Amino acid sequence: MNTLNRNYINGRWVAWDGDMIDVHEAATGEVIARVPAAGAAEMDQAVAAAHAAFDDWSQSPVARRLAVLEQLHSGLLARAGEIAQTVCREVGMPIRLATAIQAGLPATVTRTYLDLLPSFPFRETVGNSEVQYLPVGVVGCITPWNYPLHQAVLKVVPALAAGCTVVLKPSEVAPQSAYILAEILDSTGLPPGVFNLVCGPGATAGEALIHHPDVRMLSFTGSTDTGRRVAHAAADDCKRLALELGGKSASLVLPDADLAAAVKGTVNSCLLNSGQTCTALTRLLVPADRHDEACELAAAAVARMTPGNPLDEATRLGPLASAQQHRRVLDYIRLGLTEGATLVTGGPDAPEGCARGYFVKATVFGHVRPDSRIAQEEIFGPVLCVIPYRDEAEAIGIANGTRYGLSGAVWSADPERARQVAGRLRSGQVTVNGGAFNPRAPFGGFGHSGLGREFGRWGLEEFLEVRSLQL
Ligand code: NAD
């Protein structure tokens, strides 16, 4: 049992003897850790510390920030194995994926800011003006459970690089890697108060953070419903706001595409982290005359992904992260059965050999109506909707026909045609024929998928105010 009865406030670990929150192992349902159910009092202390530290840190030379980030980078690499195991057990993320995305990607993101910072133009001349980029102030960072360390690092690192001070409230479902992050930052000699960690429920700790008058910016990743609450709180106090929210992304297969490659790429994206990925391609749009072939290919791809123990190197499909997620995804699968879609593979029964934990069968629905709920709402589980279309215009309409706009994919034998269609999708990122993820490119959503951008220069600029001096 990992008893984390402490919060990190003002450069030291503050003991907690109040209520604790249980953290469950996704593959077994057993309690593996406990963390504080902290609330407004701890948030007040953390924000006060961040507020007091801001003046000094905001004026720190870039070299000082680089020294901290360099040590963070080394610390993340040194503790990679422990981080991967931790996230694998609490989220159910297969260990190979946890190693790449929870241990590897946070180090890569930190490296991108180490590379970017020395040449970032914090001052530039525009005619008779000097344009200055200044840190926003105290930033409240709130993160979800699906890629917990990555999402925390994607906020904390550019915020610190910009000269902001931070209060991090991680998801109470998967909080342990945030403690590892705090331990590493503590060892870097970061001045007290520059980074603070408070763990508690959204309804108490989260609400206290978003409404705190000394917090000048909220950077939130999570569901669209919570994002809206955060946006209301930001509006009430004119706080800066960055939101990374949900998605219902389309994979649009043009008639000339290599269908097998397109279906394989789409299934891999849809089932990544058991479908608990905001960018997951969950709607496969295929020409009507290739619908049945696409369903067969999808069923074959899914059959190769039997659910298993996430700690096993060979496992590619783990359980869902929590009992709540498990209920929610099974409800959507049952809903699909009543909405007139055809069940191609999967369904609501427990997968064989998975009596414990939060496992579900990877599920493919065919003949899904674009306006049905399973095609419109974010399920956040391993559920693929195959949707037939008649022509390109209809396909683009279906792809753009949800309230979301996070991600998308286009497949065609003609790269120029694919590019043109990709340009008509209303989403923050689109892959063409399976183009690789680029951690230096901007990432974010249109519509109900969010506001602002993360990664690279764009991620840094979110944390900067711009001032012009007329000379
Ligand atoms: P969630 O909205 O339930 O919780 C996210 C965070 O908000 C948690 O830390 C939670 O404690 C906190 N929170 C909850 N209520 C709050 C309140 N009233 N005030 C302040 N904070 C509050 O989301 P989740 O279930 O943890 O994560 C899954 C969601 O995150 C999915 O919708 C997914 O698409 C989205 N997501 C988006 C991205 C992206 O980059 N766009 C990335 C990952 C996940």
Side-chain angles (χ1 to χ4, degrees), residues 21 23 35-40 43 90-91 93 101-102 105 109 140-155 167-175 177-178 197-212 215 218-234 236 239 241-249 272-280 282 320-329 332 377-381 402-407 427-429 437 442-455 459 462:
I21 303 172
V23 179
V35 291
M43 257 326 153
E90 67 184 7
V91 177
M93 186 182 298
I101 298 196
Q102 287 307 290
L105 189 54
V109 165
C141 299
I142 302 182
T143 49
W145 45 262
N146 57 332
Y147 292 96
L149 182 62
H150 164 62
Q151 284 142 347
V153 164
L154 202 47
K155 299 183 184 313
V167 178
L168 171 65
K169 196 214 81 66
S171 165
E172 57 276 36
V173 176
S177 57
L197 169 71
V198 175
C199 196
T204 52
E207 286 282 330
L209 183 58
I210 64 178
H211 288 108
H212 201 296
V215 172
L218 298 170
S219 177
F220 172 83
T221 300
S223 63
T224 296
D225 285 349
T226 310
R228 226 181 266 116
R229 286 186 75 89
V230 173
H232 278 293
D236 283 344
K239 292 183 189 347
L241 182 65
L243 300 173
E244 296 287 351
L245 309 176
K248 191 73 189 178
S249 301
L272 193 73
N273 199 19
S274 296
Q276 302 165 122
T277 303
C278 51
T279 54
T282 50
L320 296 169
S322 67
Q324 190 188 350
Q325 267 295 107
H326 192 236
R327 275 193 302 276
R328 171 192 158 98
V329 172
Y332 270 112
E377 297 176 16
E378 185 182 52
I379 299 174
F380 228 50
T402 75
R403 63 183 183 146
Y404 294 111
L406 189 56
S407 188
S427 60
Q429 37 277 315
F437 171 72
F443 175 95
F446 288 16
H448 285 215
S449 289
L451 281 177
R453 293 295 177 267
E454 293 194 310
F455 286 98
E462 292 291 333

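In this chain, residues are counted from 1 in sequence order. We count ligands from 1, going down the list as the structure has it; atoms in each ligand are counted the same way. As the structure is a computational prediction, the values presented were derived from the model and not from experiment.
Interface of Pro144 with ligand 1, defined as ligand atoms under 4.0 Å from a residue heavy atom, comprises 24 (P), 26 (O), 27 (O), 44 (C). Of all the atoms in ligand 1, the ones that sit under 4.0 Å from a non-hydrogen atom of Gly206 are 19 (N), 20 (C), 21 (N). The ligand atoms of ligand 1 that sit less than 4.0 angstrom from a heavy atom of Thr143 are 6 (C), 8 (C), 9 (O). Atoms of ligand 1 found under 4.0 Å from any heavy atom of Glu172, numbered from 1 in the order shown, are 10 (C), 11 (O). Of all atoms in ligand 1, numbered sequentially from 1 with element shown, those under 4.0 Å from a heavy atom of Ile210 are 19 (N).
For atom 40 (O) of ligand 1, the nearest protein heavy atom (residue, atom name, distance) is Glu244 CB, 3.2 Å. Among all non-hydrogen protein atoms, the one lying nearest atom 38 (C) of ligand 1 is Cys278 SG, 3.0 Å. For atom 13 (N) of ligand 1, the closest non-hydrogen atom on the protein side is Gly202 CA, 3.5 Å. Of the protein's non-hydrogen atoms, Ile142 CG2, 3.6 Å is the one closest to atom 12 (C) of ligand 1. Looking only at protein heavy atoms, the nearest one to atom 24 (P) of ligand 1 is Trp145 NE1, 3.3 Å. Atom 35 (C) of ligand 1 has Gly222 O, 3.0 Å as its closest protein atom, hydrogens excluded (heavy atom only).
Put simply, the side chain of Leu241 reaches to within 4.5 Å of the side chain of Leu451, judged on heavy atoms. The closest side-chain heavy-atom distance from Glu90 to Pro175 is below 4.5 Å. Val167 places a side-chain heavy atom less than 4.5 Å from the side chain of Leu209. Considering only heavy atoms from C-beta on, Glu454 comes within 4.5 Å of Ser219 through its side chain. Residues Glu377 and Tyr332 form a side-chain contact, since some pair of their non-hydrogen atoms from C-beta on lies under 4.5 Å apart. Side-chain atoms of Glu207 and Met43, non-hydrogen and from C-beta on, never get closer than 4.5 Å to each other. At a threshold of 4.5 Å between non-hydrogen side-chain atoms, the residues Leu406 and Cys278 count as touching.
The distance criterion of under 3.5 Å between nitrogen or oxygen atoms is met by Thr226 with respect to ligand 1. For ligand 1, the polar-atom distance check against Glu207 finds a nitrogen or oxygen pair separated by under 3.5 Å. Checking only distances, Phe220 never comes within under 3.5 Å of ligand 1, N or O to N or O. Every N/O-N/O distance between Glu454 and ligand 1 stays at or above 3.5 Å. Geometrically, ligand 1 and Leu245 share a nitrogen or oxygen pair separated by less than 3.5 Å. Among the atoms of Thr224, none of the N or O lies under 3.5 angstrom from an N or O of ligand 1. Residue contacts with ligand 1: Asn146 is placed with no nitrogen or oxygen under 3.5 Å of a nitrogen or oxygen of the ligand (distance criterion only). Residue-to-ligand polar distances place Ser223 within reach of ligand 1: an N/O pair is separated by less than 3.5 Å.
Under 4.0 Å from ligand 1, the heavy atoms of Arg229 that appear belong solely to its side chain. Of the heavy atoms in Pro170, only backbone atoms (N, CA, C, O) come closer than 4.0 Å to ligand 1. For Phe380, every heavy-atom contact with ligand 1 shorter than 4.0 Å involves the side chain, none the backbone. Residue Glu378 touches ligand 1 through its side chain alone, judged by heavy-atom distances below 4.0 Å. Only the side chain of Gln151 comes within contact range of ligand 1, with a heavy atom under 4.0 Å; no backbone atom does. Residue contacts with ligand 1 for Leu406 involve side-chain atoms from C-beta outward but no N, CA, C or O (heavy atoms, distance under 4.0 Å).
For the pair Met93 and Asn146, the tightest heavy-atom approach, listed with the atom from each and the gap, is CE-O, 3.2 Å. Between Val329 and Phe380, the closest heavy-atom pair is CG2-O, 3.7 Å. In this structure, Ser322 and Val173 approach most closely via the heavy-atom pair CB-CG1, 4.2 Å.
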With side chain to side chain donor-acceptor pair (under 3.5 Å) as the criterion, how do Thr402 and Lys248 come out once you've worked through the C-alpha distance, each side chain's angles and the decisive distance to 0.1 Å? CA-CA 7 Å; Thr402 75; Lys248 191 73 189 178; over 6 Å; no
Side chain to side chain donor-acceptor pair (under 3.5 Å) between Gln102 and Tyr147, worked out: CA-CA 7 Å; Gln102 287 307 290; Tyr147 292 96; over 6 Å; no
Start with the C-alpha gap between Lys169 and Thr143, add the side-chain angles, then the distance that decides, and say whether side chain to side chain donor-acceptor pair (under 3.5 Å) holds. CA-CA 7 Å; Lys169 196 214 81 66; Thr143 49; over 6 Å; no
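Between His150 and Phe455, the ring-plane angle classifies as tilted under the 30° and 60° cut-offs.
With respect to Glu462 and Lys155, no salt bridge is recorded, no charged nitrogen being found less than 4.0 Å from a carboxylate O.
Distance check for atom 4 (O) of ligand 1: every protein heavy atom is found at 4.0 Å or beyond.
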